[in-house]
Each structure stands twice: as structure tokens, then as C-alpha cells.
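If you're wondering where the values come from, they're calculated on a predicted model, not measured in any experiment. For the single chain, residues carry numbers from 1 onward in sequence order. These values consider heavy atoms only, across backbone and side chains, with no hydrogens, waters or symmetry-generated copies.
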Amino acid sequence: LSTSARTAGSGLAARRITAADMAQRVGVSKRHLQRVESGEALPNDAAVWARCYGLTPGQLRDAWKRAADAFDTGHQPQSES
């Protein structure tokens, strides 16, 4: 997800959320948001972040785990389709 804008699911309609909006919703600075999205920092409240992204906390945890595993091994994460 880019930090400039991202799409989060909300029922049937998707909405655009800017980095500034997302940072405000999760209660962090834009810099901290960037650090979390790049894997440099942990989220302050994963459940809040998940809701903002339109995911369950479990889905967000799994996505972060796949990204961390890929980062650790130097491989691109595989999508689960």
C-alpha cells in the first residue's frame, strides 16, 4: 500500500484514504505511518489499523507476517489466490 493513498474496503464500496487521513485515524504521525508500512516500526493498535484498511486483525497480521518473512529471506511475498 502506498503512503500517498490507499483503497480500503467498506462493505460494497471502496473509499480512497490519504496518508494524512490514515495517520489521523490510527493516531500516529505520517512519518510513523510510513515506518509501519515499510516494516521499520510496529503499529500502535493493530485492530484499529485493520479496520482502516478494511481487513480483520487476522488478515492484517497474516499480510504483515508474509511481508516480514519476505523481507527476512529477500524474496517477494507470494499471493494466496
Quick one: are Gln59 and Tyr53 in side-chain contact, heavy atoms under 4.5 Å?
no
Distance, nearest 0.5 Å, that separates CD of Gln24 from NZ of Lys30:
12.0 Å
Could you give the distance from CE (Met22) to CD (Gln34), rounded to the nearest 0.5 Å?
12.5 Å
Quick one: CG on Leu60 to NZ on Lys65, what's the gap to the nearest 0.5 Å?
14.0 Å
Val28 side chain reached by Trp49 side chain, heavy atoms, under 4.5 Å
yes
Mind checking the NE2-CG spacing from His32 to Asn44? Nearest 0.5 Å is all I need.
5.5 Å
Output for pair (Leu33 CG, Thr18 OG1), nearest 0.5 Å, gives 9.5 Å
